[in-house]
Undergrad: 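Right, I'll just put the structure down here and ask away after.
Chain naming here is simple, since letters A, B, ... match the order of the sequence lines and numbering starts at 1 in each.
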Number of protein chains: 2
Amino acid sequence: MKNQLTHAIEDYLKAIYALSVEGEAASTTALAAELNIAPASVTGMLKRLAETTPPLVEYRKHRGANLTPDGERAALEVIRHHRLLETYLHQSLGFPWEDVHEEACRLEHVISEAFEERIDAVLGHPTHDPHGDPIPSPNLVMPQEASIPLSTLRPPQVTTIQRVNANDADLLRYLDEKSLVPGSKLEVRAFSPFDGNLTISIEGAEMVVGPAITHHIFVEEED
Amino acid sequence: MKNQLTHAIEDYLKAIYALSVEGEAASTTALAAELNIAPASVTGMLKRLAETTPPLVEYRKHRGANLTPDGERAALEVIRHHRLLETYLHQSLGFPWEDVHEEACRLEHVISEAFEERIDAVLGHPTHDPHGDPIPSPNLVMPQEASIPLSTLRPPQVTTIQRVNANDADLLRYLDEKSLVPGSKLEVRAFSPFDGNLTISIEGAEMVVGPAITHHIFVEEED
DNA sequence: ACACTAATTTAGGCAAGACTAAACTTTATT
DNA sequence: AATAAAGTTTAGTCTTGCCTAAATTAGTGT
Ligand SMILES: [Mn+2]
Ligand SMILES: [Mn+2]
Ligand SMILES: [Mn+2]
Ligand SMILES: [Mn+2]
């Protein structure tokens with residue numbers, strides 16, 4: 001059962017997990033883009049992943065890939081490592097939040113279960129990483145949470161930032177400066193049609209933010 | 001200058017460093033034993049390491065390998081990572097000292113300079129790892145320290161444990177139990193010829209230890 | 001000097017993971 | 001339904017890092 005997965009395989013599984021939300025298969029090109037690998041290479045790897053014992057993905061030519069239960073478990077294990085590491089790097093080692101992803105992406109493949117347990121304990125069993133993404137439980141269940149893009153809100157509206165979905169370090173640094181981080185309360189004051197700008201007030205300050213930003217910020221869902 | 005070294009290469013350089021104390025070249029077999037790799041494979045790697053730009057080792061057929069200045073710098077960088085990590089795992093994350101080596105051996109190849117600096121700062125710039133080995137300075141100078149095997153002492157003698165040289169986890173666990181760790185003061189009370197046993201008192205307790213143990217314990221040198 | 005042994009190298013192979021170029025499907029457009 | 005565009009797969013190569021078996025070299029004792 002405990003077959004040693006390579007770093008490469010773990011990254012593939014993680015990417016497939018991320019791209020196959022809602023049961024949709026992850027396409028070859030999407031994976032290639034996500035992983036920065038040529039599409040041809042992805043095809044090769046998907047075939048291998050579908051033929052391991054036990055198979056880690058279900059793969060149909062030209063249709064893309066889905067994780068098998070085994071594959072999903074392996075993916076969640078890596079994601080748990082990743083998110084715990086991000087949290088640890090940020091909270092305990094003082095890494096700026098825009099830097100944690102890259103470091104965690106290397107460490108995630110290498111830490112032992114003992115390491116995982118220790119940082120989990122030191123952090124007090126956190127439920128979310130610094131970007132607001134939920135951390136899978138020790139028995140690998142991913143908490144299901146609903147949130148909607150800030151870009152879809154219309155004034156007047158008060159809400160709280162749940163999650164920030166961005167990889168670009170510069171954008172993350174900017175968001176941090178403006179307090180556009182998980183936990184921040186904000187009020188949507190105005191909406192401009194055509195350009196989709198929102199006027200919001202957050203932490204006492206008022207600001208206008210365009211869709212290139214509001215698209216990446218997820219807030220609590222209304223009832 | 002900053003060529004990306006692979007994990008495998010880093011482990012070779014570290015092993016060559018360890019085996020080539022006093023300028024002696026590291027032999028193929030010794031490296032093979034240290035790295036758990038077939039001698040033939042070691043030969044192949046040594047040739048590659050001697051032909052990189054810049055060369056990392058100086059290699060002469062049947063004569064073994066020495067590090068070039070570039071190779072030594074790379075080795076010291078990895079050793080610094082390793083020893084800082086061991087210290088961190090032990091002190092900050094509460095890993096038992098017999099487990100830190102294995103974990104550090106994987107992490108050492110993967111942490112960034114930022115990570116290195118953070119844990120160094122959190123630990124207060126430690127000079128020695130949990131086994132008493134000196135940590136190379138940030139600019140990669142290895143402190144030179146003299147110590148002698150406990151097995152060479154003869155009563156009566158009082159000394160302090162400086163360093164423990166062992167990889168076996170069971171032995172390390174045992175030593176820890178008996179307070180045979182760096183920093184412990186001890187008194188050599190008696191020596192048995194033929195079997196080489198030493199009677200020592202440490203932390204109030206008296207005990208007899210054989211050469212299989214005293215060989216691995218290094219104490220401060222007399223003047 | 002010679003032969004035996006231990007250490008080392010050579011030769012040939014394999015698996016993982018990547019790439020490019022070319023061929024082929026699927027999907028979208030007209 | 002025909003065709004163009006986009007997406008995907010096949011085929012062939014490369015590098016890294018390891019392996020085993022066989023050949024060779026160095027070192028030692030006589
Ligand atoms: Mn990764
Ligand atoms: Mn884990
Ligand atoms: Mn290592
Ligand atoms: Mn470093």
Side-chain angles (χ1 to χ4, degrees), chain A residues 2-16 18-20 24-67 71 74-75 78 105-106 108-110, chain B residues 2-16 19-20 24-66 71 74-75 78 105-106 108-110:
Chain A
K2 263 267 108 25
N3 15 5
Q4 268 297 57
L5 304 179
T6 63
H7 301 190
I9 290 178
E10 290 185 342
D11 278 340
Y12 272 96
L13 296 177
K14 213 169 42 133
I16 296 167
L19 292 174
S20 62
E24 304 274 321
S27 76
T28 301
T29 353
L31 281 167
E34 177 90 2
L35 294 164
N36 261 298
I37 285 173
S41 308
V42 173
T43 301
M45 181 60 104
L46 290 180
K47 284 161 120 174
R48 289 208 300 113
L49 293 178
E51 275 154 26
T52 56
T53 43
L56 295 166
V57 313
E58 199 179 323
Y59 167 62
R60 288 154 59 216
K61 275 189 190 182
H62 296 101
R63 286 293 134 90
N66 285 101
L67 296 174
V78 186
C105 202
R106 277 176 282 115
E108 65 192 359
H109 310 291
V110 142
Chain B
K2 262 268 109 21
N3 14 7
Q4 267 299 56
L5 305 179
T6 63
H7 301 190
I9 290 178
E10 290 186 341
D11 279 339
Y12 272 95
L13 296 178
K14 212 168 43 134
I16 296 168
L19 291 174
S20 63
E24 304 274 321
S27 75
T28 301
T29 354
L31 281 168
E34 175 91 2
L35 294 166
N36 262 299
I37 284 171
S41 308
V42 173
T43 301
M45 180 60 104
L46 290 180
K47 285 161 120 174
R48 288 208 299 114
L49 293 178
E51 276 154 27
T52 56
T53 43
L56 296 166
V57 313
E58 199 178 325
Y59 168 64
R60 288 153 59 215
K61 275 191 189 180
H62 296 99
R63 285 294 136 88
N66 284 101
V78 185
C105 203
R106 277 176 283 115
E108 65 192 0
H109 310 291
V110 141

Undergrad: Please list, chain by chain and in numerical order, all residues satisfying side chain to side chain donor-acceptor pair (under 3.5 Å) with A:N66, sequence neighbours excluded.
TA: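 With neighbours one apart ignored, the set is empty.
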Undergrad: How is A:T28 classified with respect to the nucleic acid when contacts are heavy atoms under 4.0 Å: base, sugar-phosphate, or nothing?
TA: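 If one applies the 4.0 Å heavy-atom cut-off, A:T28 turns out to touch the sugar-phosphate alone, with no base involved.
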Undergrad: How long is the line joining CZ of A:R60 and P of D:dT9, in whole Å?
TA: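 Taking CZ of A:R60 and P of D:dT9, I get 12 Å after rounding.
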Undergrad: Mind checking ring-ring contact (aromatic ring centres under 6.0 Å, His included) for A:H7 and listing every partner two or more places apart, or none if nothing turns up?
TA: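 Here the qualifying residues are A:H109.
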Undergrad: Can you list everything that forms a side-chain contact (heavy atoms from CB on, under 4.5 Å) with B:A15? Sequence neighbours excluded, please.
TA: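 By the side-chain contact (heavy atoms from CB on, under 4.5 Å) rule, B:A15 matches B:L31, B:E34, B:L35.
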Undergrad: Under the rule for side-chain contact (heavy atoms from CB on, under 4.5 Å), what residues qualify as partners of A:K47, not counting sequence neighbours?
TA: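 With sequence neighbours excluded, A:K47 shows a side-chain contact (heavy atoms from CB on, under 4.5 Å) to A:T43, A:Y59, given in chain and number order.
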Undergrad: Calculate the interatomic distance between B:Y59 atom OH and C:dT10 atom C1'; express it in whole Å.
TA: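 My rounded result for the distance is 11 Å.
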Undergrad: Can you check the B:K61 NZ to D:dA23 P distance for me, whole Å?
TA: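 So the two atoms are 17 Å apart, to the nearest Å.
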Undergrad: Under the rule for side-chain contact (heavy atoms from CB on, under 4.5 Å), what residues qualify as partners of A:R48, not counting sequence neighbours?
TA: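 Result, side-chain contact (heavy atoms from CB on, under 4.5 Å) vs A:R48: A:M45.
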Undergrad: Could you state the atom-to-atom distance from NE2 of A:H62 to C1' of C:dA23 in whole Å?
TA: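 Whole-Å distance recorded here is 10 Å.
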Undergrad: Given side chains that start at C-beta, do those of B:E10 and B:L13 come closer than 4.5 Å, heavy atoms only?
TA: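 B:E10 vs B:L13: side chains apart.
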Undergrad: Between N or O atoms, less than 3.5 Å apart, protein on one side and nucleotides 11-21 of chain C on the other: list the pairs.
TA:
| unit_1 | atom_1 | unit_2 | atom_2 | d |
| --- | --- | --- | --- | --- |
| C:dG17 | OP1 | A:T6 | OG1 | 2.4 |
| C:dG17 | OP2 | A:R48 | NH2 | 2.4 |
| C:dC19 | OP2 | A:A38 | N | 2.9 |
| C:dC19 | OP2 | A:S41 | OG | 2.8 |

